[in-house]
Amino acid sequence: MVRCTAYARQVANVSTAAKRLLLGRPFRSDTLGHTLLPKRVALPVFASDAMSSVAYAPEEIFLVLSVAGISAYAYTPWVGLAVAAVLAVVVASYRQNVQAYPSGGGDYEIATVNLGPTAGLTVGSALMVDYVLTVAVSISSAASNIGSAVPFVAQHKVLFAVAAIVVLTAVNLRGIRESGIAFAIPTYAFVAGMLVMLGWGLLRTYGFGDDLRAESSHFELVAEDSHLYGIAFAFLIARAFSSGCAALTGVEAISNGVPAFRKPKARNAATTLFMLGAIAIVLLMGIITLAQKIGIVYAHDPEAQLVGAPEGYHQKTLIAQIAETVFAGFPIGFYFIAVVTALILVLAANTAFNGFPVLASVLAQDRYLPRQFHTRGDRLAFSNGILFLAGAAIAFVVVFGAEVTALIQLYIVGVFVSFVLSQTGMIRHWTRALRSETERPARMRMFRSRAINTLGLAMTGAVLVIVLVTKFLVGAWIAIVAMVAIFVVMKLIHRHYDRVSRELEQQEWDGVLPSRTHSIVLVSKLHMPTLRALAYARATRPDTLEAITVNVDDADTRQLVREWENSDVTVPLKVIESPYREITRPVLDYVRRVRRDSPRDVVTVFIPEYVVGHWWEQLLHNQSALRLKSRLLFQPNVMVTSVPWQLESSRYSKVLDPHHSPGASRRGFE
């Protein structure tokens with residue numbers, strides 16, 4: 001027995017150590033303030049998505065325009081400038097948002113307060129879908145970028161993407177501050193590496209006059225459709241613009257994450273937004289300009305469109321081709337860019353891992369999602385939201401084979417829906433504030449803020465229309481269906497919580513006490529759990545106490561009756577016949593008869609149960625008790641009491657970790 005106990009303790013210690021190694025020590029609730037982020041850490045935590053989108057947004061612009069042939073690439077700078085203009089306006093608009101609504105509700109709160117619950121729920125469902133796709137697109141793009149340098153990853157993109165999501169989930173479960181610190185170095189390395197690459201490349205081409213030519217510049221691009229004129233060509237340009245607007249994703253995450261900033265929260269969030277916008281615009285335009293200058297040819301269908309490419313040619317990503325050209329003869333530079341780009345794309349998903357759980361928590365607090373999403377885990381992170389996001393993102397990655405081009409068609413619809421509704425809400429917010437404000441300086445600030453949000457509404461509304469028109473049939477409809485489904489589910493959840501609340505609060509207790517109590521102890525064998533249940537039932541001092549057993553085997557029942565009669569137990573034992581060898585139905589029928597004979601009596605059913613220490617033991621025990629409890633709970637004026645009997649294995653589990661024994665939870669009760 002001593003050896004067994006020691007072994008159990010060792011197993012327990014290993015399990016606890018593994019959990020602590022993965023998650024770290026649990027944080028007390030009163031240490032939440034220590035997890036808040038300074039701007040230097042908040043930037044990589046919340047802005048990595050928008051900064052990293054420059055790794056695939058320019059690529060998608062070239063990809064769409066390749067359909068019309070090499071001549072269409074002349075429009076890439078203009079498309080890039082249009083995207084940059086929208087990005088600048090959206091960043092300026094969201095600086096107004098975070099200062100007016102710093103509570104962390106973001107677009108959801110703005111739309112709910114100013115436009116009503118339906119608009120707010122629309123924003124919530126749109127952002128939830130967008131966050132999931134942020135993870136899927138970013139991780140898939142990371143797999144493509146690493147695949148440009150490591151062929152094995154290119155051949156197993158789905159496996160790499162799933163593994164990356166799992167690792168990212170584990171890091172985020174450790175807590176927001178630790179994940180921010182872990183992500184700061186790769187994010188800043190990406191920004192520095194990109195600025196060096198773009199600066200050196202532009203200096204060599206425009207300053208030194210070097211004739212840098214990309215590997216693909218010598219290939220001939222065969223247009224998939226070279227007869228695009230008028231409206232058809234304008235539609236192609238619009239589609240390239242809508243794909244490039246993927247660079248705007250992630251801006252909204254800061255408005256949802258304001259509570260995670262150090263004080264002054266709103267000012268720090270606004271500053272972080274400005275830094276995000278400046279970096280993203282510089283990188284976006286730098287990549288497009290340099291890619292066009294060095295003659296990169298990027299095809300939608302490389303095998304069919306690229307003429308002159310060697311057999312077995314694998315098309316590298318846009319950034320990989322730029323790095324290979326700029327750092328020709330310096331392979332360390334190429335591999336550094338490939339690595340930090342892949343890292344920033346993996347970490348870009350961290351924006352969603354910080355934004356989604358906070359949004360889910362707010363929605364749960366408003367009773368649109370299960371309340372488990374509102375609670376924090378060991379490390380003060382919203383663990384349930386993190387796990388749900390990871391599972392949904394993995395599903396999209398697997399279904400779409402980690403293909404960025406396929407996933408990006410579903411992308412940005414949700415974020416622009418939230419953009420439009422939040423800007424509309426902000427216009428109403430400033431209009432309402434102006435009615436009560438009399439001081440001229442404050443009114444001037446409000447007029448300026450309303451003008452910025454109005455411009456933001458005009459531009460994001462136009463982009464939303466373009467996105468819906470150009471992407472609906474190629475995949476955007478899936479995102480819209482997902483938004484509608486989430487919207488309906490959240491409505492149903494809210495309706496359920498409201499119905500339960502009304503039922504519990506509006507009904508009044510009549511104050512009438514039961515006239516008598518009738519206690520029933522369920523018996524299968526005369527052993528220690530049964531004796532404990534009988535003793536506890538007697539201690540409650542019922543008016544009537546009896547034991548019942550169900551006869552499913554004549555020999556066993558006769559043996560039980562003999563043992564009962566020969567024991568010193570004074571409680572009468574009744575045998576209930578069960579010709580079809582059922583247990584649940586005969587017990588229910590007997591309880592109903594007792595209730596029918598004495599309607600004002602309260603019937604208490606005592607059920608002996610084993611407490612086990614291993615999950616597999618639960619499968620071997622307590623199944624009849626579980627079925628009985630689940631049915632008896634629906635009977636009016638019937639109380640069900642479980643009388644536990646701890647088996648040896650349950651005692652070993654407590655030795656292992658007294659704070660995390662089976663069933664331990666930090667959740668509240670409902």
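When a residue number appears, it is its place in the shown sequence, counting from 1.
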Checklist outcome for this item: So the salt bridge (Lys or Arg N to Asp or Glu O under 4.0 Å) pairs with at least one residue in residues 125-147 (sequence neighbours excluded) are none

Checklist entry - Among pairs that include at least one residue of residues 466-482, which meet salt bridge (Lys or Arg N to Asp or Glu O under 4.0 Å), considering only residues two or more places apart or in two chains? => result none

For [X], enumerate each residue passing the ring pair (Phe, Tyr, Trp, His ring centres under 6.0 Å) test, keeping only those at least two apart in sequence or located in another chain.
X	value
Phe419	Tyr94, Phe416
Phe62	Tyr73
His156	Phe152

Checklist outcome for this item: Gln96 meets the side chain to side chain donor-acceptor pair (under 3.5 Å) criterion, sequence neighbours left out, with Ser449

Can you list everything that forms a side-chain contact (heavy atoms from CB on, under 4.5 Å) with [X]? Sequence neighbours excluded, please.
X	result
Ala119	Ala111, Leu115
Ala269	Val98, Ile254, Val258, Phe261
Ala320	Ser148, Lys316, Thr317, Phe334
Ile427	Thr431, Arg450, Asn453, Thr454, Leu457

Checklist entry - Looking at residues at least two apart in the chain, or sitting in another chain, which of them share a salt bridge (charged side-chain N to carboxylate O under 4.0 Å, His left out) with Glu437? => result none

Item to check | Of all pairs that satisfy side-chain hydrogen bond (donor to acceptor under 3.5 Å, both in side chains), the ones with a partner from residues 475-492, not counting sequence neighbours | outcome: none

Checklist entry - Within a reach of under 6.0 Å around CZ of Arg495, are more than 12 heavy atoms found that belong to other residues, nucleotides or ligands? => result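 Result for CZ/Arg495: open.
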
